[in-house]
Amino acid sequence: MLNQSRAPILEALEKMKGERLVPFDVPGHKHGKGNLALTEFLGQKCLSVDVNSMKMLDNLCHPVSVIKEAQELAAEAFGAAHAYFMVGGTTAAVQSMVLSVCKRGDKIILPRNVHRSVINIMILCGAIPVYVNPDMDNRLGIALGMRLSEVEKAIVENPDAKAVLVNNPTYYGICSNLKGITDLAHAHGMKMLVDEAHGTQFYFDKDLPMTAMEAGADMAAVSMHKSGGSLTQSSFLLIGPEMNEGYVRQIINITQTTSGSYLLLSSLDISRRNLALHGQEIFDKVKELVEYARKEINQIGDYYAYSKELVNGDSVFDFDITKLCVNTLPVGLAGIEVYDLLRDEYDIQTEFGDLGNILAYVSVGDRPRDIERLVSALAEIRRLYKKDRSSLMSAEYINPTVMFSPQEAFYSEKQSLPLAQCENRVCAEFVMCYPPGIPILAPGELITRSILDYIAYAKDKGCSLTGPEDMQVETLNVMKE
């Protein structure tokens, strides 16, 4: 057992600060002295540890001392064989997972409602997606998990696939049968990858759903900055004992910066220590706050803050009760409309709003009075803005028709057409609402009338549509016929 009260990177930075170091290296602000406006804004303490790799601080690309020690502590805390510090966000961790198991032409089995980072890396490496369409909850308008039988069917039909990838939990708290899918994948000689961006809390609370490492997954990408308390853009990549630690590090170094931020690295180190020592206490408080909020919101009327009652033992195998997701459709308002009202009229910033739901991300940093303010605002929005819901579109996810691989479509000869002329053409770029960042269209998919109606509706409701070259989303790039 390692000493989880230690934080080797923090300790090394503190030691460096006491050595009166004269910096003739980068960064050029030289501990803040060269950019006083930046120092005034961020603080001298922050700028004094925004430093370059040096002997006493180790090197993220080839860790042999304090970063190596910090990664070993993280691996133990998360129950992994090895852990890697990622400073390019969980996007970099997810993409490193795929690159570690797939090359050009290799198949990977995954749900279509993955984050755009997964499809992006398939464009780069040439992997071929085998999509398993998730179940839908038509009342809530959200995608659920993959049924075990559907995963098995995909595996049997594609025995040459290299891996199965699952996003667990989803943004909405939906958990798949992680152990069952992992066992299936391994029984057929495939690796198991888990996008666990929203599941940091699972590792430190015995009452929350199973973790990827507990399930025996080969790799997991964990967004420490979401519920774990580290700085934005800092994440962990965890691997099991069957993965080659050195090879995975080589893969990470293909895309990850050679100038790893010590602000991000130290925040991972400090936050891991905090969760290892106090995680159960922290997430007990979060669960208490969320359960209180869920009860109060459901008492308002019309809103539906959902929870474990969705569990069906298959496509909703479990539910993350720390997620405060609220369905707004019975109020007659799209989720994005409630999101905008909360921000613009009540100074409350929620994580996202889609066509039917909002997500209020609750963490240990929240207070009971913050919850009361959210509940009061939702009650007032219902009183002031409630209307007939008959014109609302509910579906958050439309099953795609895949015509070409993402790489083939993205790099194909293409032409730009007005949206109205794109029906029955093959898309050569992305269209998505962000967050949550799940593509409405990905390269290689058929553009149908229902998808065009969805895009028009999302634009009308004020969703932030991203992905296309045309940032106004008036035109789309399609493959030339």
Side-chain angles (χ1 to χ4, degrees), residues 111-115 133-145 167 169-175 198 290 293-294 297-298 300-312 315-316 319-321 323-344 346 348-362 374-375 377-379 381-382 384-400 431-441 450-466:
R112 172 55 177 76
N113 60 323
V114 290
H115 188 264
N133 286 321
D135 271 9
M136 285 291 300
D137 186 310
N138 293 319
R139 173 188 178 188
L140 302 177
I142 65 171
L144 305 177
N167 43 314
T170 69
Y171 234 138
Y172 304 93
I174 305 298
C175 296
H198 298 277
V290 173
R294 193 174 281 126
I297 290 169
N298 285 334
I300 294 172
D302 293 320
Y303 294 112
Y304 176 32
Y306 38 95
S307 187
K308 274 185 172 288
E309 68 276 5
L310 299 183
V311 171
N312 59 26
S315 59
V316 188
F319 186 85
D320 176 12
I321 60 173
K323 296 288 186 296
L324 182 56
C325 291
V326 183
N327 186 257
T328 65
L329 294 175
V331 186
L333 296 171
I336 186 62
E337 293 176 306
V338 175
Y339 170 95
D340 286 340
L341 286 166
L342 286 169
R343 183 195 60 220
D344 297 341
Y346 299 92
I348 295 174
Q349 181 64 56
T350 52
E351 174 67 10
F352 78 83
D354 64 18
L355 297 189
N357 305 268
I358 60 169
L359 170 62
Y361 221 103
V362 180
L374 173 63
V375 172
L378 288 173
I381 287 171
R382 176 180 179 270
L384 295 176
Y385 298 98
K386 181 179 177 180
K387 57 187 177 183
D388 179 69
R389 65 168 290 178
S390 59
S391 65
L392 294 179
M393 182 184 288
S394 62
E396 180 267 338
Y397 171 78
I398 300 172
N399 288 344
V431 183
M432 71 202 79
C433 295
Y434 192 87
I438 298 166
I440 301 166
L441 275 169
S450 61
I451 287 173
L452 290 174
D453 289 344
Y454 183 103
I455 291 171
Y457 181 84
K459 287 177 66 178
D460 180 64
K461 290 300 182 183
C463 291
S464 177
L465 288 171
T466 67

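When reading the values below, keep in mind they use all heavy atoms of this one structure, side chains included, and skip hydrogens, waters and symmetry mates.
Considering only residues two or more places apart in sequence or on other chains, His198 meets the ring pair (Phe, Tyr, Trp, His ring centres under 6.0 Å) condition with Tyr171. In this view, Tyr339 satisfies the ring pair (Phe, Tyr, Trp, His ring centres under 6.0 Å) rule with no residue, not counting sequence neighbours. Not counting sequence neighbours, Ser391 has no partner by the side-chain hydrogen bond (donor to acceptor under 3.5 Å, both in side chains) test. Not counting sequence neighbours, Tyr385 has no partner by the side-chain hydrogen bond (donor to acceptor under 3.5 Å, both in side chains) test. Ser464 is linked by a side-chain hydrogen bond (donor to acceptor under 3.5 Å, both in side chains) to nothing, counting only residues two or more places apart in sequence or in another chain. Residues passing the side chain to side chain contact (heavy atoms under 4.5 Å, CB included) test with Ala360, sequence neighbours excluded: Leu324, Thr350, Leu374. Every residue two or more places apart in sequence or in another chain that forms a salt bridge (Lys or Arg N to Asp or Glu O under 4.0 Å) with Arg343 is listed here: Asp340. Considering only residues two or more places apart in sequence or on other chains, Tyr304 meets the ring pair (Phe, Tyr, Trp, His ring centres under 6.0 Å) condition with Tyr306. Remark: Asp460 engages no residue in a side-chain hydrogen bond (donor to acceptor under 3.5 Å, both in side chains) (not counting sequence neighbours).
Once rounded to the nearest 0.5 Å, the distance linking CG of Leu342 with CD1 of Ile358 reads 5.5 Å. Interatomic distance, Thr170 OG1 to Ile438 CD1, rounded to the nearest 0.5 Å: 7.5 Å. Interatomic distance, CG of Asn133 versus CZ of Arg112, reported as 8.5 Å (0.5 Å rounding). The distance from atom CZ of Arg382 to atom CD1 of Ile297, rounded to the nearest 0.5 Å, is 13.0 Å. Note that CG of Asp453 is 5.5 Å distant from CE of Met393, once rounded to the nearest 0.5 Å. Taking SG of Cys463 as the start and CG of Leu355 as the end, the distance is 5.0 Å to the nearest 0.5 Å.
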- Check against side chain to side chain contact (heavy atoms under 4.5 Å, CB included), Leu341 and Leu333: CA-CA 10 Å; Leu341 286 166; Leu333 296 171; 4.2 Å; yes
- Message: Could you walk me through whether Lys459 and Leu465 satisfy the side chain to side chain contact (heavy atoms under 4.5 Å, CB included) test, starting with their C-alpha distance in whole Å, then the side-chain angles of each, then the deciding distance to 0.1 Å, before giving a yes or no?
- Response: CA-CA 7 Å; Lys459 287 177 66 178; Leu465 288 171; 3.0 Å; yes
- Query: Step by step, would you call Asn357 with Thr328 a side chain to side chain contact (heavy atoms under 4.5 Å, CB included)?
  - Reply: CA-CA 6 Å; Asn357 305 268; Thr328 65; over 6 Å; no
- Message: As a quick check of understanding, evaluate side chain to side chain contact (heavy atoms under 4.5 Å, CB included) for Ser307 and Ile321, giving each step before the final call.
- Response: CA-CA 6 Å; Ser307 187; Ile321 60 173; 3.7 Å; yes
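Considering all non-hydrogen atoms of both residues, Pro134 and Asn113 come closest at CG-OD1, 3.6 Å. Closest heavy-atom contact between Leu378 and Tyr303: O-OH, 2.8 Å. The two atoms that bring Val375 and Ala293 nearest to each other are CG2-O, 4.4 Å, heavy atoms only. Here the shortest heavy-atom pairing between Leu392 and Gly332 reads CD1-C, 3.4 Å.
Proximity of Val316 to Cys175: side-chain heavy atoms (C-beta onward) are nowhere separated by under 4.5 Å. Using a 4.5 Å cut-off on side-chain heavy atoms (C-beta onward), Val431 and Tyr454 make no contact. Considering only heavy atoms from C-beta on, Met136 stays 4.5 Å or farther from Ile142 through its side chain. In this structure, the side chains of Pro169 and Ile174 stay at 4.5 Å or more apart for every pair of heavy atoms. Looking only at side-chain heavy atoms (C-beta outward), Val338 and Val331 stay at 4.5 Å or farther from each other. A 4.5 Å side-chain heavy-atom check between Asp354 and Ile336 finds every atom pair outside the cut-off.
Arg294 places a side-chain N or O within 3.5 Å of a backbone atom of Lys323 that can act as its donor or acceptor partner. Proximity of a side-chain donor or acceptor of Glu337 to a complementary backbone N or O of Gly335 within less than 3.5 Å is not detected. Using modelled atom types, no side-chain atom of Ser315 and backbone atom of Asp135 make a donor-acceptor pair closer than 3.5 Å. Side-chain atoms of Asp137 do not come within 3.5 Å of backbone N or O of Gly141 as any donor-acceptor pair. Asn327 contributes a side-chain N or O that, together with a main-chain N or O of Leu140, makes up a donor-acceptor pair within less than 3.5 Å.
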